[in-house]
Amino acid sequence: SLPGLLLGALALLADPGNPHKLLLALIAGDLAGALFGAWGLRRAGVNRLLERRGDVGLLLAVGLAAATLGAVVSMTLLVLGPQRVSDALPQWLLLSVLGRWIGALLAGVPLLALNREALSRAFGPARRSLTWLLLGTVLAGAAAAFGVPAEGSVLPLALACLPAALLSAMLVHAGLGLASAAAAALALGAAWASALGLGPFAALQPPYSLAPTWAYAAALMGTLLLVHVLTKDSLSVERRWIQALGGAGLGVGEWVLSRDEGRTSPQWNQLSGDTTASLSGWLARVHDDDRSELQIQLERLRSGAQSRAQRELRLQCEDGWRWLYLQLIVAERDHHGQAARLIATLSDSSERHDAQARQRLSSSLFQHLHEGLLIADADLRVLDVNPAYTQILGATRQELLGSVPPMLRPSPPDPLVRQQRLLMWSSLRSTGRWRGEVVERRRDQPIEVPHLLGVREGAALLELIDVQQKTAARGRVLPDERAQ
């Protein structure tokens, strides 16, 4: 960026050994490098937040190329100019490239990563206190290290290392934008303090007075970028796992029990219908009939009686009560053996709960239906029968399971019955159903088979109605109608 390259030029100008006639050449080189750097970053598609490792690598490469171009342009103008050029031209070129590169990084990284969202995150209600504490400590450490005259003591040098460590903590807590901006301000302050004869780096005489400052600035930004890449890699792995679990319909939550706070994934928030981060707030929305048992399980997890728990519960959502399946795992315990951190997964079990309810209803209907029902597989062997079927045929369920019912056998000895079977199977193949009367032996009583439903997924459903019982019931009704 243009401000970064200008900062590199200012670092060179801070050296008293550099004549101010270099200003025009430096500005021209900085402008050329800035234009090339802006074009290179756009062409490479570098993410402004530097969230990927490749983005940091591209930033370093484009910044070095832009600094080299700026140094070459400045050197060319100096060679073509009327003033005498020093014989140490290669050394000057190398220092110019390094100064511009360090300046580009010091100013470019904050300009890329620092935005309104980053500031809102750093100074939000949950992070504000620690952010101000870290900033104040960095400022105090810098003032103690660079606000005193240069001397041979190692104490200022040790104090100069303290802000570097605090900047890494600020990076993890508040993000790269604010930490890099503080690093740039710290490096610039160290450079000007050294030029004024203050701080641990001012003891050296020109032209070597800026070398420790440049190394300090490079160490600050290099450490921040290294920590940023490592933390982003860990966070990227975590984010990919959360996305994978969310794609599978699983929400993830984590709670620190001592502080009653935690964090939840987007899928968890979607399933819960709320973004409540505290465990107590989430438990308040659990159905009363489920909350007491869940709290008992939580107490067992806290005490160490068990390490994991799972249960189905109802949670209050915008559209009413929703059935959810919760799994809890103790991820960390304190030195007393008490649970300190819980990890939970949440999935929607509404469809499964409704399917189980429908299955229980179907099973109840199957068992209590007055018509006899038989279910056979693709080989026409009995899979299950209801009590009415066994009552109609006078056979037990155990006798029928695995057998082929006579009414489904394809080749009965009676020609009329055989013809009826052919018509039945023809109707099944064409329409998937058949209705008719057959004679089945049960104490010489005829039995009507009004429905044989279609074969679905290799199974058949057979419904039986006892004709004599049906006729007898009809006969009991007719005298009453005649009397009326």
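This is a predicted model, so every value here is computed, not measured.
By the 4.5 Å heavy-atom criterion applied to side chains, Leu298 and Leu283 are counted as neighbours. Between Leu294 and Leu328, the closest side-chain pair of non-hydrogen atoms falls below 4.5 Å. Residues Leu250 and Gln267 form no side-chain contact, since every pair of their non-hydrogen atoms from C-beta on lies 4.5 Å or further apart. Under the 4.5 Å side-chain criterion, counting only non-hydrogen atoms from C-beta, Leu135 is not in contact with Leu139. Proximity of Leu59 to Leu112: side-chain heavy atoms (C-beta onward) are separated by under 4.5 Å at one or more points.
The distance from the CZ atom of Arg314 to the CG atom of Asp289 is 5.0 Å, given to the nearest 0.5 Å. To the nearest 0.5 Å, atom CG of residue Asp55 and atom CG of residue Leu41 are 10.0 Å apart.
Residues Trp214 and Trp101 keep their aromatic ring centres 6.0 Å or farther apart. The six-membered or imidazole ring of Phe146 lies away from that of Trp192, with a centre-to-centre distance of 6.0 Å or more.
A donor and an acceptor atom, one from each side chain of Ser278 and Glu261, are nowhere located under 3.5 Å apart.
With Arg42 contributing its side chain and Gly37 its backbone, the two residues share no donor-acceptor pair below 3.5 Å. Side-chain N or O atoms of Arg322 include none that pairs as donor or acceptor with a backbone N or O of Cys317 at under 3.5 Å.
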Evaluate the criterion side-chain hydrogen bond (donor to acceptor under 3.5 Å, both in side chains) for residue pair Arg302 and Gln338; output intermediate values, then yes/no. CA-CA 5 Å; Arg302 286 192 180 97; Gln338 299 291 316; over 6 Å; no
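Residues in residues 300-323 take part in these ring-ring contact (aromatic ring centres under 6.0 Å, His included) pairs, two or more places apart or across chains: His287-Trp321, Trp323-His353. Among residue pairs with one or both ends in residues 109-125, none qualify as side chain to side chain donor-acceptor pair (under 3.5 Å); sequence neighbours excluded.
Relative ring orientation between Trp268 and Trp282 is described as tilted, the plane-to-plane angle lying within the 30° to 60° band.
Here the shortest heavy-atom pairing between Gln297 and Gln310 reads NE2-O, 3.6 Å.
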